[in-house]
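Atom set for the values below is all heavy atoms of this structure, side chains included, hydrogens, waters and symmetry mates excluded. Throughout, a chain's letter reflects where its sequence line sits, starting with A, and its residues are numbered from 1. As the structure is a prediction and not an experimental result, all values here were calculated from the model.
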Amino acid sequence: MKIATWNVNSLKVRMPHLREWLARQAPDVVCLQETKCEDKAFPGAEIEAAGYRWIHHGQKTYNGVAILARAECGNVRRGIPQFTDEQSRVIVGDVGDTRIVCVYVPNGQSVGSDKYEYKLRWLAALRDWLRSELQAHPKLAVLGDYNIAPEPRDVHDPLAWEGQVLFSEPERAALKGITELGLADAFRLFEQPEKSFTWWDYRMNAFRRKMGLRIDHVLLSPALARSCTACTIDLEPRRLERPSDHAPVICELSN
DNA sequence: ATGGTTGTCCTACAA
(Lines give C-alpha, C1' and ligand atoms only; values in the text may rest on other atoms or scores of the structure.)
Protein backbone atom coordinates (compact mmCIF):
# COMPACT_ATOMS: atom_id res chain seq x y z
CA MET A 1 0.00 0.00 0.00
CA LYS A 2 1.23 3.44 -0.99
CA ILE A 3 0.24 6.28 1.36
CA ALA A 4 1.06 9.94 0.85
CA THR A 5 0.65 13.47 2.20
CA TRP A 6 0.57 16.78 0.32
CA ASN A 7 -0.18 20.32 1.40
CA VAL A 8 -1.78 21.58 -1.84
CA ASN A 9 -2.31 25.24 -0.78
CA SER A 10 -5.78 25.53 -2.36
CA LEU A 11 -7.32 22.41 -3.87
CA LYS A 12 -9.19 24.50 -6.45
CA VAL A 13 -5.97 25.98 -7.86
CA ARG A 14 -3.98 22.73 -7.57
CA MET A 15 -6.59 20.34 -9.03
CA PRO A 16 -4.74 19.96 -12.39
CA HIS A 17 -1.49 19.12 -10.55
CA LEU A 18 -3.29 16.71 -8.23
CA ARG A 19 -5.00 14.88 -11.12
CA GLU A 20 -1.72 14.44 -12.97
CA TRP A 21 0.10 13.37 -9.81
CA LEU A 22 -2.58 10.80 -8.84
CA ALA A 23 -2.31 9.26 -12.31
CA ARG A 24 1.49 9.11 -12.19
CA GLN A 25 2.00 7.92 -8.60
CA ALA A 26 -1.21 5.91 -8.15
CA PRO A 27 -1.19 6.18 -4.34
CA ASP A 28 -3.76 4.15 -2.39
CA VAL A 29 -4.25 6.83 0.27
CA VAL A 30 -3.59 10.59 0.07
CA CYS A 31 -3.83 13.08 2.92
CA LEU A 32 -4.34 16.66 1.72
CA GLN A 33 -3.90 19.87 3.71
CA GLU A 34 -4.93 23.47 3.03
CA THR A 35 -7.78 22.57 0.72
CA LYS A 36 -9.10 26.08 1.53
CA CYS A 37 -12.67 25.22 0.56
CA GLU A 38 -15.94 24.44 2.27
CA ASP A 39 -17.34 20.91 2.04
CA LYS A 40 -19.95 22.03 -0.50
CA ALA A 41 -17.18 23.36 -2.80
CA PHE A 42 -15.05 20.18 -2.62
CA PRO A 43 -14.39 18.84 -6.16
CA GLY A 44 -15.78 15.40 -5.26
CA ALA A 45 -16.86 14.39 -8.77
CA GLU A 46 -13.37 15.00 -10.18
CA ILE A 47 -11.75 13.06 -7.35
CA GLU A 48 -14.14 10.16 -7.93
CA ALA A 49 -13.46 10.27 -11.67
CA ALA A 50 -9.78 9.81 -10.80
CA GLY A 51 -10.71 6.63 -8.92
CA TYR A 52 -10.84 7.78 -5.30
CA ARG A 53 -13.34 7.94 -2.50
CA TRP A 54 -12.87 10.92 -0.20
CA ILE A 55 -13.67 12.53 3.12
CA HIS A 56 -13.20 16.22 3.81
CA HIS A 57 -13.17 18.56 6.79
CA GLY A 58 -13.41 21.90 5.07
CA GLN A 59 -13.47 25.57 5.92
CA LYS A 60 -13.81 28.75 3.92
CA THR A 61 -10.52 30.47 2.92
CA TYR A 62 -8.24 28.75 5.46
CA ASN A 63 -7.07 25.27 6.49
CA GLY A 64 -9.16 22.29 5.34
CA VAL A 65 -8.03 18.63 5.30
CA ALA A 66 -9.07 15.62 3.24
CA ILE A 67 -8.31 11.92 2.81
CA LEU A 68 -8.55 10.33 -0.63
CA ALA A 69 -8.54 6.54 -0.77
CA ARG A 70 -9.18 3.73 -3.25
CA ALA A 71 -11.44 2.14 -0.66
CA GLU A 72 -14.15 3.71 1.48
CA CYS A 73 -13.02 5.31 4.77
CA GLY A 74 -14.66 3.91 7.92
CA ASN A 75 -15.00 5.32 11.45
CA VAL A 76 -14.52 8.89 10.25
CA ARG A 77 -13.93 11.67 12.72
CA ARG A 78 -13.16 15.37 12.37
CA GLY A 79 -10.98 17.30 14.82
CA ILE A 80 -9.15 16.24 17.98
CA PRO A 81 -11.53 14.85 20.64
CA GLN A 82 -12.03 17.09 23.67
CA PHE A 83 -10.13 19.93 21.99
CA THR A 84 -12.41 22.72 20.82
CA ASP A 85 -10.99 24.10 17.58
CA GLU A 86 -12.75 26.38 15.12
CA GLN A 87 -10.08 25.57 12.55
CA SER A 88 -10.42 22.50 10.30
CA ARG A 89 -7.09 20.76 10.83
CA VAL A 90 -7.70 17.05 11.46
CA ILE A 91 -9.61 14.29 9.67
CA VAL A 92 -9.37 10.58 10.44
CA GLY A 93 -10.59 7.38 8.82
CA ASP A 94 -9.94 3.65 8.62
CA VAL A 95 -8.67 2.35 5.28
CA GLY A 96 -8.86 -1.42 5.60
CA ASP A 97 -7.22 -2.28 8.92
CA THR A 98 -5.05 0.87 8.93
CA ARG A 99 -6.11 4.02 10.77
CA ILE A 100 -5.16 7.13 8.79
CA VAL A 101 -4.85 10.48 10.60
CA CYS A 102 -4.45 13.58 8.41
CA VAL A 103 -3.12 16.64 10.26
CA TYR A 104 -2.49 20.27 9.41
CA VAL A 105 -0.54 21.58 12.40
CA PRO A 106 -0.84 25.37 13.02
CA ASN A 107 1.98 27.43 11.45
CA GLY A 108 2.64 29.44 14.60
CA GLN A 109 3.46 32.70 12.77
CA SER A 110 6.35 33.78 15.05
CA VAL A 111 7.84 32.61 18.35
CA GLY A 112 5.98 34.15 21.29
CA SER A 113 2.88 35.17 19.28
CA ASP A 114 -0.67 34.10 20.19
CA LYS A 115 -0.62 31.79 17.17
CA TYR A 116 2.59 30.18 18.47
CA GLU A 117 0.98 29.51 21.86
CA TYR A 118 -2.02 28.01 20.02
CA LYS A 119 0.37 25.79 18.04
CA LEU A 120 1.97 24.41 21.22
CA ARG A 121 -1.42 23.86 22.90
CA TRP A 122 -2.67 22.17 19.75
CA LEU A 123 0.37 19.84 19.61
CA ALA A 124 -0.06 18.88 23.28
CA ALA A 125 -3.70 17.97 22.60
CA LEU A 126 -2.66 15.98 19.52
CA ARG A 127 -0.08 14.03 21.55
CA ASP A 128 -2.55 13.22 24.33
CA TRP A 129 -5.10 11.95 21.82
CA LEU A 130 -2.58 9.96 19.72
CA ARG A 131 -1.44 8.11 22.86
CA SER A 132 -4.91 6.54 23.13
CA GLU A 133 -5.27 6.11 19.35
CA LEU A 134 -2.06 4.07 19.35
CA GLN A 135 -3.45 1.77 22.02
CA ALA A 136 -6.67 1.27 20.07
CA HIS A 137 -5.11 0.92 16.60
CA PRO A 138 -1.91 -1.13 16.11
CA LYS A 139 -1.72 0.03 12.48
CA LEU A 140 -1.74 3.82 12.86
CA ALA A 141 -0.30 6.36 10.39
CA VAL A 142 -0.28 10.09 11.12
CA LEU A 143 0.47 12.07 7.98
CA GLY A 144 0.51 15.76 7.28
CA ASP A 145 2.03 19.21 7.42
CA TYR A 146 3.52 19.44 10.93
CA ASN A 147 5.06 22.88 10.34
CA ILE A 148 8.11 21.66 12.32
CA ALA A 149 11.56 20.65 11.11
CA PRO A 150 12.79 17.98 13.57
CA GLU A 151 16.58 18.26 13.19
CA PRO A 152 19.30 20.57 11.85
CA ARG A 153 19.67 18.38 8.75
CA ASP A 154 16.01 19.12 7.96
CA VAL A 155 16.77 22.85 7.56
CA HIS A 156 18.82 24.41 4.74
CA ASP A 157 20.51 26.87 7.14
CA PRO A 158 20.09 25.61 10.72
CA LEU A 159 22.07 28.47 12.26
CA ALA A 160 19.88 31.10 10.63
CA TRP A 161 16.73 29.19 11.56
CA GLU A 162 17.68 28.37 15.16
CA GLY A 163 14.99 29.75 17.46
CA GLN A 164 12.73 30.76 14.56
CA VAL A 165 9.20 29.46 14.14
CA LEU A 166 9.13 26.01 12.43
CA PHE A 167 12.48 25.13 14.08
CA SER A 168 12.34 26.51 17.64
CA GLU A 169 13.23 24.21 20.52
CA PRO A 170 9.70 24.10 22.05
CA GLU A 171 8.23 23.06 18.69
CA ARG A 172 10.87 20.39 18.16
CA ALA A 173 10.27 19.13 21.71
CA ALA A 174 6.53 18.95 20.99
CA LEU A 175 7.15 16.88 17.85
CA LYS A 176 9.57 14.67 19.78
CA GLY A 177 6.83 14.17 22.38
CA ILE A 178 4.70 12.70 19.59
CA THR A 179 7.38 10.47 18.04
CA GLU A 180 8.32 9.23 21.52
CA LEU A 181 4.82 7.79 21.86
CA GLY A 182 6.20 5.18 19.45
CA LEU A 183 5.55 6.85 16.08
CA ALA A 184 8.51 6.56 13.71
CA ASP A 185 9.43 9.27 11.19
CA ALA A 186 9.16 7.06 8.08
CA PHE A 187 11.56 9.25 6.09
CA ARG A 188 14.40 8.56 8.52
CA LEU A 189 13.95 4.80 8.42
CA PHE A 190 16.02 4.95 5.22
CA GLU A 191 19.15 6.57 3.85
CA GLN A 192 18.19 9.83 2.20
CA PRO A 193 19.88 12.47 0.05
CA GLU A 194 21.27 15.56 1.77
CA LYS A 195 19.11 18.67 1.59
CA SER A 196 15.87 16.70 1.51
CA PHE A 197 13.08 19.20 2.07
CA THR A 198 9.29 19.33 1.61
CA TRP A 199 8.61 23.08 1.72
CA TRP A 200 10.24 26.10 0.10
CA ASP A 201 9.12 29.70 0.46
CA TYR A 202 7.63 31.09 -2.75
CA ARG A 203 9.92 34.10 -2.41
CA MET A 204 13.57 34.61 -3.30
CA ASN A 205 13.76 31.58 -5.65
CA ALA A 206 14.00 29.42 -2.55
CA PHE A 207 13.20 26.18 -4.39
CA ARG A 208 15.79 26.68 -7.10
CA ARG A 209 18.35 27.56 -4.43
CA LYS A 210 17.42 24.48 -2.35
CA MET A 211 16.51 26.73 0.59
CA GLY A 212 13.84 24.53 2.14
CA LEU A 213 12.68 22.81 5.30
CA ARG A 214 11.42 19.26 5.89
CA ILE A 215 8.17 19.96 7.73
CA ASP A 216 5.77 17.40 6.17
CA HIS A 217 5.99 13.99 7.80
CA VAL A 218 4.65 10.45 7.78
CA LEU A 219 4.67 8.99 11.31
CA LEU A 220 4.11 5.24 11.67
CA SER A 221 3.15 2.98 14.57
CA PRO A 222 5.59 0.09 15.25
CA ALA A 223 3.56 -2.42 13.24
CA LEU A 224 3.49 -0.12 10.19
CA ALA A 225 7.12 0.94 10.58
CA ARG A 226 8.11 -2.74 10.37
CA SER A 227 6.25 -3.03 7.06
CA CYS A 228 7.60 0.21 5.58
CA THR A 229 9.86 -0.37 2.55
CA ALA A 230 10.45 3.20 1.30
CA CYS A 231 9.70 6.85 1.98
CA THR A 232 10.44 9.56 -0.59
CA ILE A 233 9.76 13.20 -1.42
CA ASP A 234 8.37 13.79 -4.92
CA LEU A 235 9.90 17.06 -6.16
CA GLU A 236 8.21 16.97 -9.58
CA PRO A 237 5.00 18.87 -8.68
CA ARG A 238 7.10 21.66 -7.11
CA ARG A 239 8.85 22.21 -10.46
CA LEU A 240 5.60 22.91 -12.35
CA GLU A 241 4.10 26.29 -13.18
CA ARG A 242 2.07 27.73 -10.30
CA PRO A 243 3.02 25.00 -7.81
CA SER A 244 2.07 24.45 -4.20
CA ASP A 245 4.88 25.59 -1.91
CA HIS A 246 4.97 21.99 -0.52
CA ALA A 247 6.07 18.75 -2.20
CA PRO A 248 4.28 15.42 -1.55
CA VAL A 249 5.80 12.74 0.70
CA ILE A 250 5.14 9.14 -0.35
CA CYS A 251 5.48 6.07 1.84
CA GLU A 252 5.36 2.41 0.78
CA LEU A 253 3.97 -0.26 3.10
CA SER A 254 4.38 -3.92 2.25
CA ASN A 255 1.05 -5.10 3.68
C1' DA B 1 18.58 45.66 1.86
C1' DT B 2 13.97 43.86 7.35
C1' DG B 3 13.10 42.97 1.05
C1' DG B 4 10.27 39.01 -1.67
C1' DT B 5 5.27 35.52 -3.29
C1' DT B 6 0.89 33.13 -3.31
C1' DG B 7 -4.18 32.31 -2.17
C1' DT B 8 -8.45 34.11 -0.71
C1' DC B 9 -11.07 37.77 -1.66
C1' DC B 10 -11.22 42.99 -2.53
C1' DT B 11 -8.33 44.68 2.09
C1' DA B 12 -5.71 42.65 4.77
C1' DC B 13 -4.45 38.33 6.53
C1' DA B 14 -2.26 33.87 6.66
C1' DA B 15 1.42 31.25 5.25
Enquirer: With respect to the phosphate group of B:dT6, does any side-chain polar atom (N or O) of A:Arg14 fall under 4.0 Å of OP1 or OP2?
Expert: no

Enquirer: Start with the C-alpha distance between A:Tyr116 and A:Gln109, add both sets of side-chain angles, then the distance that settles side-chain contact (heavy atoms from CB on, under 4.5 Å), and finish with yes or no.
Expert: CA-CA 6 Å; A:Tyr116 183 80; A:Gln109 191 179 52; over 6 Å; no

Enquirer: Working to the nearest 0.5 angstrom, can you tell me the gap between A:Asn9 CG and A:Thr35 OG1?
Expert: 10.5 Å

Enquirer: For B:dT6, take OP1 and OP2 only and decide whether either is under 4.0 Å from a side-chain N or O of A:Ser244.
Expert: no

Enquirer: Roughly how many Å apart are B:dA1 and B:dT11, using the C1' atom of each and rounding to a whole number?
Expert: 27 Å

Enquirer: Scan residues 158-170 of chain A against DNA chain B and write down, sorted by residue number, each residue with any heavy atom closer than 4.0 Å; if none is found, say none.
Expert: none

Enquirer: Kindly list each side-chain donor-acceptor pair under 3.5 angstrom involving residues 225-232 of chain A, sequence neighbours excluded, with atom names and distances?
Expert:
unit_1: A:Ser227; atom_1: OG; unit_2: A:Leu224; atom_2: O; d: 3.0
unit_1: A:Ser227; atom_1: OG; unit_2: A:Asn255; atom_2: OD1; d: 3.2

Enquirer: If I take atom CZ in residue A:Arg238 and atom P in nucleotide B:dT5, what distance separates them, rounded to the nearest angstrom?
Expert: 13 Å

Enquirer: Who pairs with A:Tyr62 by ring pair (Phe, Tyr, Trp, His ring centres under 6.0 Å), at least two apart in sequence or on another chain?
Expert: none

Enquirer: Who passes ring pair (Phe, Tyr, Trp, His ring centres under 6.0 Å) against A:Phe197, sequence neighbours left out?
Expert: none

Enquirer: Can you check whether A:Phe167 and A:Trp161 have ring centres sitting under 6.0 Å from each other?
Expert: no

Enquirer: For A:Ile67 versus A:Cys31, what's the shortest heavy-atom pair and its separation?
Expert: CG1-SG, 4.3 Å

Enquirer: Evaluate side-chain contact (heavy atoms from CB on, under 4.5 Å) for A:Arg70 paired with A:Arg53, printing each intermediate quantity in order.
Expert: CA-CA 6 Å; A:Arg70 295 291 189 188; A:Arg53 311 284 193 91; over 6 Å; no

Enquirer: Measure the distance from CZ on A:Arg209 to P on B:dG4 and round it to the nearest whole Å.
Expert: 14 Å

Enquirer: Quantified in whole Å, what is the P atom distance between nucleotide B:dA12 and nucleotide B:dT2?
Expert: 22 Å

Enquirer: Restricting to ring pair (Phe, Tyr, Trp, His ring centres under 6.0 Å), what partner residues turn up for A:Trp54, sequence neighbours left out?
Expert: A:Phe42

Enquirer: Can you give one letter per nucleotide of nucleotides 9-15 of chain B, going 5' to 3': B for a protein heavy atom under 4.0 Å from the base, S for sugar-phosphate only, - for none?
Expert: S----SS

Enquirer: When you compare B:dC9 with B:dA15, how far apart are their C1' atoms, in angstrom units rounded to a whole number?
Expert: 16 Å

Enquirer: If you measure from the P atom in B:dG4 to the same atom in B:dT8, how many Å do you get, rounded?
Expert: 22 Å

